[in-house]
Amino acid sequence: MSIIIDKENLIFQLNTPKTSYIMRVFNHRYLAHVYWGKSVKTPDMENASLNRFIGFSPVAKNEYGYCVPDFLCQEYPTGCGSDYRNPAMSVVYADGSRTAELEYESYNVYRGKYRLEGLPATYVEDEVEADTLEIVMRDSVKNLKVILMFCAYNQLDVITRAVKIVNDSDERVILEKVMSASVDYETDEYDFIELPGGWGKERHIERTPLRSGIQSIESRRGASSAQMNPFFAMVGHNTNEEYGEAYGYNLVYSGNFSAGVEVDQLHKSRAWIGINDYDFSWILEEGDSFTAPEAVMVYSAEGLGAMSRTYHKLYRTRLVRGKYRDEVRPILANNWEGTYFNFTEEKIVDLAKEAAGLGIELLVLDDGWFGKRNDDNCSLGDWYVNTEKLPSGITGLAEKVNACGVKFGLWFEPEMVSPDSDLYRAHPDWCIHTPGRERNETRNQLTLDLSRPEVCDYIVEAVCKILDTANISYVKWDMNRHMSELGSAGLPAERQKEMPHRYMLGLYNVLERVVGTHPDVLFESCSGGGGRFDPGMLYYMPQTWTSDDTDAVERLFIQYGTSLAYPTSAMGAHVSAVPNHQTHRVTSLKMRGDVAMSGNFGYELDLNAFTEEEKEEVRRQVAEYKELRTFVQKADMYRLKSPFEGNDTAWMFVSEDGMDIYAGYFRVLCKVNPGIYRMKFTALDPEARYEIVGENKCYSGDELMNIGLVVELHGDFMSKTWRLRKIEKSN
Ligand code: GLA
């Protein structure tokens, strides 16, 4: 059991292999945060949990002593009381009062991990993998119960948190804010790392020192979004990839979120993450409950690299589900950038033939196969095949593609509706809208209102109908606009602010029903590229299209940033044509291949347009990736050189057993009279020898790590990769 409880003093300690997380009940009332960091024995409480008078901050007294809530490090602070810092929870009671004072009531501890009904979350396969602590807090004046859930993994340095609020009173309560986690730190000596971006430039890394006041990230778009990602880290000023403290926070949620840190007057810091309280409220009638999504928290004393590898392993093995969690992912070719909407059945079959000849295993037909869709002006919602374009239907096309020797995949955008569609004409109130106002369109489309069960049922039926009538092995589930003019025709006036979260619950319900009934289909989520790259989507779909920006140089930034929290196996990465359609840059086929092989590999172009010479290179890439994917998709990733810090990027992957290594070095611009560049490997066995596969050379681990290999690259946009195999111990 990784949870230690001092029943007499009410001290709760969660231990993971290398970390401890400690709380205590203070003055028989407050749940105080004591410590989160490197493993420790239970500390002396007088030393660990401080209480002090500060000017202009109220004092709370009871028979056990005094407490200054504005000073105390708290686990789940509430609003409108005596703590002026950012609250984790805000409520409005039936009498209009907003002060909520949570007092410790009881705890419950058990093996295994809690489940969150209707919400995605990390899981265990055996209850020995984790232990759970539930602490019950209560606002006794109003009889509102708050259950704080904490889970400690036994083999990974992961603490997860979630919250359930139960209205035990006989009056209505309105929740206005429910964070999933809040953690107080005694100092502000940290940097804040976030992953902002936009379409085509997702998850770029920004790092700034904490300053007084609030620094925060959030989405108000109805999706986790490309603009911000529900991940941040607090790290020491000197923390780098290998050294120093890193605290990671990630929300298992795909909608509006808010996360941040507040530095107070005493230079203490409060971090939080949860559903955004912007345009949120939730009515709890008598007996009702509300569950906030899971926060995944990772502490590393060994730099950002170790933090990332912990997230990767957790998500790869205990977030992603289904057969493709463990199986290698197919190499696919997608027709989008090859044809856009301009394709015929013959063209798709030709692509399948070409794909088969190149060793590619799956052909994906993207947008434009349904309704009367020949551009992005119409037909979303009308999920029936356009037989003018595809005379054999999807069933017949899939058969023809299969006959070429490749699997068949299909694109859907089920959460959307085009105003020019049969669905919209039949149900104009099924989209998110505000009565009496313009319905502003993005990409000529509106968002279906998934807070309505009948809309969810329609989507499940429409998608399953296609999936069940053709041999479809892969689905790309796209979502290409954010919510606007918020409102639902399915909810009463007083519950309108519940719509954004009800949408997410509806979406998760749809995904469970579609994905759960098609266990052999590989699902990849997408949102104009990587606009919904979050752990919530990964729970249902094991991979995400990382970005519509397929330029090899841009992808260095995007994939490097994404890897801060998300594993290689989650990142769709394709070779596309040059000049690149997003940046107009011309990079070598080799570099495009090398960058894409650091993710889930594929092609996104017209395969028929390759020259014979290019085809040879593609066959080589495909063959190489078939070997690499047996370990790269599950490997530990080490980031060696950051594109955000210079002209060169390098990273490497080490198989779980340490036997296989794949490393890449990428140079953006050529330098005249270049200096000496060396690839210094890491995480090798210094005593062992390694063969450089295909180069007939061997080096010792210590040489590779300390002296490194000279990198000779001439010209712009160049790359060099190495495949290493451990062969022997040197002694
Ligand atoms: C989005 C996706 C693309 C493609 C198009 C189709 O932009 O990100 O990959 O599927 O939609 O319309």
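A quick note: this is a predicted structure, and the numbers were derived from the prediction, not measured. Note that ligands are numbered from 1 as they come in the structure, with each ligand's atoms numbered from 1 the same way.
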Donor-acceptor pair between Gln445 and Glu441 side chains, under 3.5 angstrom: no
Min heavy-atom dist Glu413 to ligand 1 below 4.0 Å: no
Lys/Arg cation over aromatic Trp545: Arg555, 6.0 Å, 45° cone: yes
His501 and Phe280 aromatic ring geometry - parallel, tilted or perpendicular at 30°/60° bounds: perpendicular
Any side-chain donor near an acceptor of the partner, Glu294 and Tyr253, under 3.5 Å: no
Flag for Asp551-His581: side-chain donor and acceptor within less than 3.5 Å: no
Per-atom contacts of ligand 1 with Cys526, taking only distances under 4.0 Å to non-hydrogen atoms: 2 (C), 8 (O)
Residue part near ligand 1, for Asp376, under 4.0 Å between non-hydrogen atoms: neither
Worked check of salt bridge (Lys or Arg N to Asp or Glu O under 4.0 Å) between Arg329 and Glu361: CA-CA 10 Å; Arg329 312 282 169 79; Glu361 299 153 312; over 6 Å; no
Axial cation check for Phe412 ring with Lys476, 6.0 Å and 45° limits: no
Nitrogen or oxygen of Arg373 less than 3.5 angstrom from that of ligand 1: no
His574 near ligand 1 by a heavy-atom separation under 4.0 Å: no
Mode of Asn334 contact toward ligand 1 - side chain, backbone, both, neither (heavy atoms, under 4.0 Å): neither
Which residue and heavy atom of the protein sit nearest atom 12 (O) of ligand 1, plus the separation: Asp367 OD2, 2.6 Å
Gly529 neighbourhood, listing ligand 1 atoms whose heavy-atom distance to it stays under 4.0 Å: 8 (O)
Part of Met479 within contact of ligand 1 (heavy atoms, under 4.0 Å): neither
Nearest protein heavy atom with distance in Å, relative to atom 10 (O) of ligand 1: Asp366 OD1, 2.6 Å
Phe412, Phe341, Trp545, Trp336: member with heavy atom nearest to atom 5 (C) of ligand 1: Trp336
Residue and atom name of the nearest protein heavy atom (relative to atom 2 (C) of ligand 1), distance in Å to one decimal: Asp478 OD2, 3.0 Å
Nearest-contact summary for atom 8 (O) of ligand 1 - protein heavy atom, Å: Asp548 OD1, 2.6 Å
Glu614 atom CD: more than 12 heavy-atom contacts under 6.0 Å: yes
Other residues, nucleotides, ligands: >12 heavy atoms within 6.0 Å of Asn342 CG: no
Ligand 1 N/O within reach of Lys476 N/O, cut-off under 3.5 Å: yes
